[in-house]
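In this text the structure is predicted, and so the values were computed from the model without any measurement.
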Amino acid sequence: SVKYTSQYGCVSPNSAPTVVTVNANPTVSISGSSAICPNTFTTLSAVASAGSGTISSYAWTLNGTTDAGNTQSISVNTAGSYTVTVTNSNGCSTTSAALALAQSVPPTAAISASCTSLTPGQTAVLTGSPANAVTYAWSLDGGNTLSTSNPYTTAVGAFGTYKLKVTSTLNGCQDSTTVAISSQTGAIAGGSTFTIPSSSCGGFLSINAAAQYLNANGVTGSGQITFNVAAGYTETAPARGITFGGTNTATNTGSNSLLTTQSSATPIVFQKSGTGANPLVTASGSQTAGSVVDAVIRLRGADYFTFDGIDVRENAANQVSATASNNMTEFGYALFANDTTNGSQNNTIRNCNISLISGDGTSIYPSSFGIYSNTRHNADSTTIANISDSINGTNSFNKYYSNSISGVNIGIALIGSTNINRMDKGNDIGGTSASTGNTITNWGGFSTAASYPSNSASDHAIFNINQLDNNIS
């Protein structure tokens, strides 16, 4: 109530009383993260009570000026200073203390690949970065996580786009990147050099892998193509042998890229590299029972190859020598014509140790040859005679130097067509000096069990028939 006093001191009666109600202000604070990763959202929520009445509105601001929303919770992706003003149904308002939302620094994902283009049998080692304070997740072509390890080694033949996602263990921020891993394709360029064995760029996993690639893709350009095979390296040949040149067929047909692209412009050399024992290729331990055309390494119409210091030997598992059921290897190195116009020519086998002693360690297999060349049958059968019909179909101009051959019935056999116009010519066994001569020991003692066209029934250190202008020394 109120009363009035005049300037003369007169006092009025009290007025009727008026009731004044003081409404409580709302209370409000902000809950939510104080940091955000780039390109992500976080939720900020107003934790409020009405004070009096009910809450009628929310008003969010960013940095004091920008309208940031009008709901109790907002989703934001911008760093800055956030406040929210809450008003109740009595018109009373309260503004929260500011929440400073900072932007965290994310990791930067990167991938280092040991190789991005793989030859047969190879894998790629993928190394992610940063190296510390992150977790890793690898995936292929958008699929599920393959691994959380770092580095990650791809599976053989698993080509595609690999994705690495890294997550910071400090602030949870993420980044990702990709790398494409593909199968190497295309002809091998003249002048190239490769390492064997190698699981990454610049090499092949094995001699057989290199042979398969050459057969499928061929060569191009000019210059020597070199395969450096590590000293002490060993591998086991597939059944029938590592094949350079024509396809494996039961008939005298079949070709591939190597046969159509190889020439003197791109000689191919497989050679020992480094100090130590010669690389060694062991025959397959699963030769076809009864087969009499198995080799460790064989050329089918392949030209201008050199094998330098690449040893071959019989597999210890091969001990059955009876012709009909044998599981033995007949040839250390074998040269065949791939078809009537494509013999194996201008090849060199040198500095190789060749032993086909039986798997029992003592017996000589009657149908074993250290080096064997015959154009009177193909690589898969001994029943086809005189397959060459021109000089191109002969096994000519090949060189055999400084080899050590043992544990065979016949050391070196060169057999050509019985047609004088199709005989092999210009082959060279031993060169012109003692240093290039071949050493043949622990040979012979048997008649050849299997029937090979024009082969002698007797044992020989060197057997040479239907040949023209050869050198043997």
Side-chain angles (χ1 to χ4, degrees), residues 207-208 229 231-242 272 276-298 307 309-335 349-374 379 382 400-415 429-430 437-452 455-464 472:
I207 296 174
N208 189 50
V229 187
Y233 167 72
T234 63
E235 77 172 89
T236 299
R240 195 58 64 86
I242 297 174
K272 171 187 173 181
N278 283 0
L280 173 63
V281 182
T282 299
S284 170
S286 56
Q287 307 285 31
T288 301
S291 170
V292 293
V293 286
D294 300 311
V296 183
I297 294 176
R298 62 184 191 162
F307 296 90
I310 309 298
D311 294 352
V312 299
R313 75 176 181 191
E314 177 64 285
N315 194 300
N318 300 342
Q319 300 184 26
V320 179
S321 60
T323 301
S325 59
N326 90 87
N327 67 346
M328 306 294 290
T329 303
E330 285 72 33
F331 317 123
Y333 280 90
L335 290 78
I349 299 171
R350 66 188 179 205
N351 301 318
C352 301
N353 297 305
I354 301 169
S355 175
L356 295 183
I357 199 75
S358 173
D360 63 16
T362 58
S363 302
I364 291 178
Y365 173 43
S367 297
S368 58
F369 302 75
I371 296 174
Y372 179 82
S373 172
N374 197 332
T382 62
Y400 309 100
Y401 297 158
S402 306
N403 299 294
S404 178
I405 303 171
S406 65
V408 296
N409 198 42
I410 298 180
I412 300 175
L414 305 185
I415 302 171
I429 301 175
N438 300 284
T439 302
I440 303 174
T441 59
N442 190 24
W443 60 272
F446 301 92
S447 297
T448 305
S451 177
Y452 300 96
N455 183 50
S456 172
S458 302
D459 55 355
H460 294 269
I462 297 174
F463 181 65
N464 183 79
I472 302 175

What distance do T282 atom OG1 and R313 atom CZ have between them, rounded to the nearest 0.5 Å?
4.0 Å
Quick check: closest heavy atoms across R298 and A379, and the distance to 0.1 Å?
NH1-O, 3.1 Å
Flag, side chain of S368 to backbone of Y365, donor-acceptor distance under 3.5 Å:
yes
On a heavy-atom basis, the closest approach of T441 and T439 is CG2-CG2, 3.9 Å
Rounded to the nearest 0.5 angstrom, the CD1-CZ distance for I412 and F369 is 12.5 Å
Closest contact, heavy atoms only, I354 versus G370:
CG2-O, 3.6 Å
Between A334 and A295, the two heavy atoms sitting closest are CB-CB, 4.1 Å
How about I371 and I429: do any of their side-chain heavy atoms sit closer than 4.5 Å?
no
Donor-acceptor pair, N409 side chain versus D459 backbone, under 3.5 Å?
no
Can any side-chain N or O of N403 pair as donor or acceptor with the backbone N or O of I405 at less than 3.5 Å?
no
Of all heavy-atom pairs linking S447 and P366, the shortest is O-CB, 3.5 Å
Answer yes or no: is there a donor N or O on one side and an acceptor on the other, between the side chain of D311 and the main chain of N353, under 3.5 Å?
yes
OG/S402 to CZ/R350 distance, rounded to the nearest 0.5 angstrom?
8.5 Å
Test side chain to side chain contact (heavy atoms under 4.5 Å, CB included) applied to I410 and N455, step by step:
CA-CA 10 Å; I410 298 180; N455 183 50; 3.8 Å; yes
Test item: N318 side-chain N/O and L356 main-chain N/O as donor-acceptor pair under 3.5 Å
no
Judged by atom type as modelled, is there a donor-acceptor pair below 3.5 Å linking the side chain of E235 to the main-chain atoms of V281?
no
Set out, in order, the CA-CA distance, both residues' side-chain angles and the distance that settles side chain to side chain contact (heavy atoms under 4.5 Å, CB included) for R240 and D294, then state yes or no.
CA-CA 4 Å; R240 195 58 64 86; D294 300 311; 3.2 Å; yes
Least distance between heavy atoms, A289 atom then S325 atom:
CB-O, 4.0 Å
Supply the atom-to-atom distance C352 SG to I349 CD1, rounded to the nearest 0.5 angstrom.
7.0 Å
Would you say the rings of Y400 and Y333 are close, in the sense that their centroids are separated by under 6.0 Å?
no
For a 4.5 angstrom cut-off between non-hydrogen side-chain atoms, does Y452 reach V292?
yes
Short question: side chain of N315, backbone of A283 - any donor-acceptor pair under 3.5 Å?
yes
Tell me, with the steps shown, if F463 and S458 meet side chain to side chain contact (heavy atoms under 4.5 Å, CB included).
CA-CA 10 Å; F463 181 65; S458 302; over 6 Å; no
Separation between CG of N464 and OG of S456, rounded to the nearest 0.5 Å:
12.0 Å
CG/N351 to CG/N278 distance, rounded to the nearest 0.5 angstrom?
7.5 Å
Quick check against the 3.5 Å criterion: does N208 have a side-chain atom that pairs as donor or acceptor with the backbone of I242?
no
Side chains of T329 and E314: donor-acceptor distance under 3.5 Å anywhere?
yes
